[in-house]
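Here's the structure, in structure tokens; my notes come after.
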Amino acid sequence: MILDKDWKLDQERLNRITEKIQERIAELEPEVADLQNQTGEIRKKFWEEVTVNTSTDEDFGETYYSIKQQEALLSERERSYQLRLQQWKSMKRLLQSPYFGRIDFREDGMRSNEQVYIGVSSLVDTDFLNFLIYDWRTPIASLYYDHSPGDAYYDTPGGRITGTMELKRQYQISDGKLQNVIDTSVTIGDELLQQVLGKSAGSQMKSIVASIQKEQNTIIRDDKSHMLIVQGVAGSGKTSVALQRVAYMLYKHRERLKADQIVLFSPNPMFNSYVSTVLPELGEENMQQTTFQEYLEYEIDSTLRLEDQFDQIEYVLLEQSTLEYEARLRGIEYKASVAFLKAIQNYAVWLGKEGMRFNSIRFQNRDLITAKQMEAQFYSYDISISLANRVSRLQEWLLKELTLLERKERNKLWVQDELNYLDKEQLAVVFNELHKDKGVFDFAEQYEEIQEKLNNKRRRDEGDFDYAEREEELLLQMVVNKHFKPLKRCVKRMLFIDIDELYAQLFDNFEAYKLMTNETNVPELWSTICILTKEKLRRLELFYEDATPYLYLKELVEGIRTNTGVRHVFVDEGQDYSMFQYEFLKKLFPRARMTVLGDFNQAIFYQATELYEADSPLIQLYGESNTNLFRLLRSYRSTQEIVEFTKSLLHGGEDIIPIKRTGAKPVLSCADNRKELTVRMVKDIEALNSDGFASIAVITKTAAESREAFNLLTEQGCTSLRLITKQTPTFEKGTMVIPAYLAKGVEFDAVLIYDASSRMYHRESERKLFYTACTRAMHRLLLYATGKWTRFINTDSIDYT
């Protein structure tokens, strides 16, 4: 703690700053309201202020410039309104807690030091020359995160500034009052850090700007790497760091980078709601958020039903007794591998020479253009032209052929027959086209006459119907065009390519696979893998492990669809993505830098990719020189007792460093039957609620077990439960039952492991799933088992009941 006189001086300064903020809010509020009203009035009266006259070219020009002038006025008012609104929101955020840190820094060559106060936004004095508060993202604020008192420096666009840090002070402020003030030599003092980490978990992730550690700050401010990989242990703040990194980049590059140019790939839709408030809390708009599954479903033909990774893991965890189980596991591993990625790339080269598969274009139960005709046309193109470009040329040829066939089709009998059944609206379209130069007329009066003339084959000798021949020509054209439009639409959508058959062709037999891909090594049980894959495709379905390779092949054949507007891609739970998915993301966003965050200790899906090891193929994606690796070993989420327990679950877990925040040891409860344990669990939940824990999770292994737990606990009187499934859209506080794989990335005050028995967790492949479940707990961890508990548990670090 600091001296009383320093405390008094700090409170006096805080009072002055609070007054200035209140004054600024008072100035901004009427400006915001006035600009909002002006914008609303301009929108409402937009067309009243515009003179619309298109009689002559000159009148049209005046109308155009009148609209542009009004549009420019509206845009200017909206920009001013948004700017003032943003400033007002910044001041409102500062009012509760204007700053959290202070450094006194004397630059080399200067006689006096500068007092630098750091908060979530900047505050400048009325003369705009003196910073009263510096935004945490400014270059000088990095001193607070990176240095202790003594020699220090910070980097600016103009070069490095060196000097001496003479003081480093941390504040806790609430409602304009000092709660705590500490002088320290580290980023954040243990006392304050424990207070921050000791708070209850909320329904949404919070900003960590006041407690950013030095290693986290380095990640946040890394502005040079094309690929930034963060391997962080559970609770090390990976996701929080990623969101602060987004906020930092939006601040530093605010002139050329917008929130919608950043994409975050989240592990599930519920996670999106969990992190949705962090950026707005820092005064920034949210970036785009999606899941890779959503992208797959958007891009792959809607006729195929895709398995998702949650269905896949349910299969892996539950279906060990099925005959094809081992083959499926080997297939999952192989289809996520670099070897299969190279195999598909080689396959695309082979398809350039032979083996392309096409769908005939059929019309009225006959082939207009056969698959063989397409194949012959495709392989007539120069082999030096890329596969995708030859497909594009074939597409152009097909559209021209359809246009020629459409003209011929007008003479067919079915077209004449259909003319007799045209309704009034269809005839009106043609009649208006022919007579558009004659002004407005009542078509209804002419309808009976026109219909009669059509039925009489349009006798040419009637002088009062000069347009009969042209009219019939247009009608024939309209009828055929209506039927050919869907055919052309299918060609434009590349549906003439039989992608299903092209992918299935890979799994005909080993000899064919070797010929097409130049791959000689395939996993065990290859023939069964081939049968399973093709059977799934025949049912118009895709395994999750096939979805990305299928889409990757589709893009190699049809051409890559790129998004050059996105400049930064963030991948959370990055260990759960295959190299196919990373390769695909790189091609999809060719101008984007990538940040991958994950923990290989939580790699619970079979398509996992090693993040940190030097031989990780992920490092080669952008090259070693463009890739930066970070490893976060300190866990901030859980108490020391929980971290000591969870690190013992892992091989090599001794590297994990707990924060010095003590609490109760994890507790293991055992009983002979499930009912007895469920009764005990309900009592424990009631006790946790009484202790003030607002976020409690009963974590199960699978979705099926979640339903069982939910039903049993409800029967025992626990009525406030919420069952979380993969369809759950939002994360909320309360008591919930959730599978371990959906709880990734989320934290809870207390966690109850529904079944920690050896029956439930016994295979080595389930160790990481068990670790993931246990590391969700911040303050309390309770485990339950009927019979023998899992061998993963180290009994030295738990209590028993």
Side-chain angles (χ1 to χ4, degrees), residues 97 99-105 116-122 133-157 160-163 165 167-171 182 184-190 192-193 196-197 205-225 227-233 235-254 257 262 275 278-279 281-284 568 570 572 593 595-597 612 627-637 657 659:
S97 180
Y99 43 84
F100 52 80
R102 166 187 163 187
I103 52 173
D104 292 0
F105 181 72
V116 178
Y117 288 82
I118 300 164
V120 295
S121 297
S122 292
I133 303 171
Y134 284 86
D135 191 296
W136 66 277
R137 295 165 289 188
T138 54
I140 197 170
S142 65
L143 289 166
Y144 174 77
Y145 299 113
D146 291 342
H147 295 280
S148 302
D151 292 343
Y153 64 86
Y154 65 96
D155 293 317
T156 73
R160 176 165 292 183
I161 306 297
T162 59
M165 184 191 296
L167 176 77
K168 187 173 188 177
R169 183 168 290 177
Q170 297 162 14
Y171 300 96
I182 296 176
T184 182
S185 61
V186 294
T187 300
I188 182 164
D190 284 345
L192 286 185
L193 184 56
V196 171
L197 299 174
M205 184 176 284
K206 303 297 182 185
S207 163
I208 62 165
V209 292
S211 58
I212 292 170
Q213 303 296 291
K214 181 177 180 178
E215 67 273 18
Q216 295 172 333
N217 189 52
T218 304
I219 296 168
I220 290 168
R221 294 174 186 258
D222 184 304
D223 204 29
K224 296 178 181 178
S225 305
M227 165 66 86
L228 191 149
I229 303 172
V230 180
Q231 159 63 39
V233 301
S236 57
K238 299 180 293 295
T239 303
S240 295
V241 166
L243 296 171
Q244 315 302 315
R245 178 167 164 77
V246 172
Y248 171 77
M249 290 190 295
L250 288 171
Y251 175 85
K252 182 174 181 181
H253 305 293
R254 55 192 176 276
L257 181 66
I262 303 174
V275 301
V278 174
L279 287 172
E281 186 182 330
L282 295 171
E284 302 291 351
H568 288 273
F570 286 75
D572 205 358
R593 296 172 182 244
T595 300
V596 176
L597 311 110
Y612 194 79
T627 302
N628 210 347
L629 301 174
F630 291 92
R631 196 173 182 197
L632 300 178
L633 294 173
R634 188 178 297 275
S635 178
Y636 300 98
R637 173 185 297 140
I657 306 167
I659 192 71

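Quick note: numbers below take in every heavy atom, side chains included, and nothing from hydrogens, waters or symmetry partners. Just so we're clear, the structure is a prediction, and the values are computed from it rather than from any experiment.
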Of R137, R254, K252, the one forming a salt bridge (charged side-chain N to carboxylate O under 4.0 Å, His left out) with E284 is R137
Would you say that S240 contacts V278 through its side chain, given a criterion of any heavy-atom pair below 4.5 Å between the two side chains?
no
In Å, rounded to the nearest 0.5 Å, how long is the span from [atom1] of [X] to [atom2] of [Y]?
| X | Y | atom1 | atom2 | result |
| --- | --- | --- | --- | --- |
| Q244 | I220 | CD | CD1 | 5.5 Å |
| I219 | I229 | CD1 | CD1 | 12.0 Å |
| F570 | L243 | CZ | CG | 8.5 Å |
| D155 | T162 | CG | OG1 | 10.5 Å |
| Y171 | I118 | OH | CD1 | 10.5 Å |
| Y251 | D135 | OH | CG | 4.5 Å |

Between [X] (side chain) and [Y] (backbone), is there a donor-acceptor pair under 3.5 Å?
| X | Y | value |
| --- | --- | --- |
| R245 | D222 | yes |
| Q216 | S236 | yes |
| R593 | S225 | yes |
| K238 | L597 | no |

Could you go through Y144 and W136, starting from their C-alpha distance and side-chain angles, then the distance that decides it, and tell me whether this counts as side-chain contact (heavy atoms from CB on, under 4.5 Å)?
CA-CA 9 Å; Y144 174 77; W136 66 277; over 6 Å; no
Would Q213 and L632 count as a side-chain contact (heavy atoms from CB on, under 4.5 Å) if you check the C-alpha gap in whole Å, the side-chain angles of each, and the deciding distance to 0.1 Å?
CA-CA 11 Å; Q213 303 296 291; L632 300 178; over 6 Å; no
Nearest atoms (heavy-atom pairs only) where [X] meets [Y]:
| X | Y | value |
| --- | --- | --- |
| R221 | T138 | NH1-O, 3.2 Å |
| L143 | Y153 | CD2-O, 3.2 Å |
| M249 | L257 | O-CD2, 3.8 Å |
| I103 | I140 | CD1-O, 3.9 Å |
| V233 | L633 | CG2-O, 3.5 Å |
| H147 | A152 | CG-CB, 3.7 Å |

Salt-bridge contact D104-R102 (side-chain N to carboxylate O under 4.0 Å):
yes
Passes side-chain contact (heavy atoms from CB on, under 4.5 Å), V230 versus V241? Steps please.
CA-CA 10 Å; V230 180; V241 166; 5.9 Å; no
Parallel, tilted or perpendicular for Y154 and F105, by the 30°/60° rule?
perpendicular
Could you check M227 against V596 for side-chain contact (heavy atoms from CB on, under 4.5 Å), going step by step and ending with a plain yes or no?
CA-CA 8 Å; M227 165 66 86; V596 176; 3.8 Å; yes
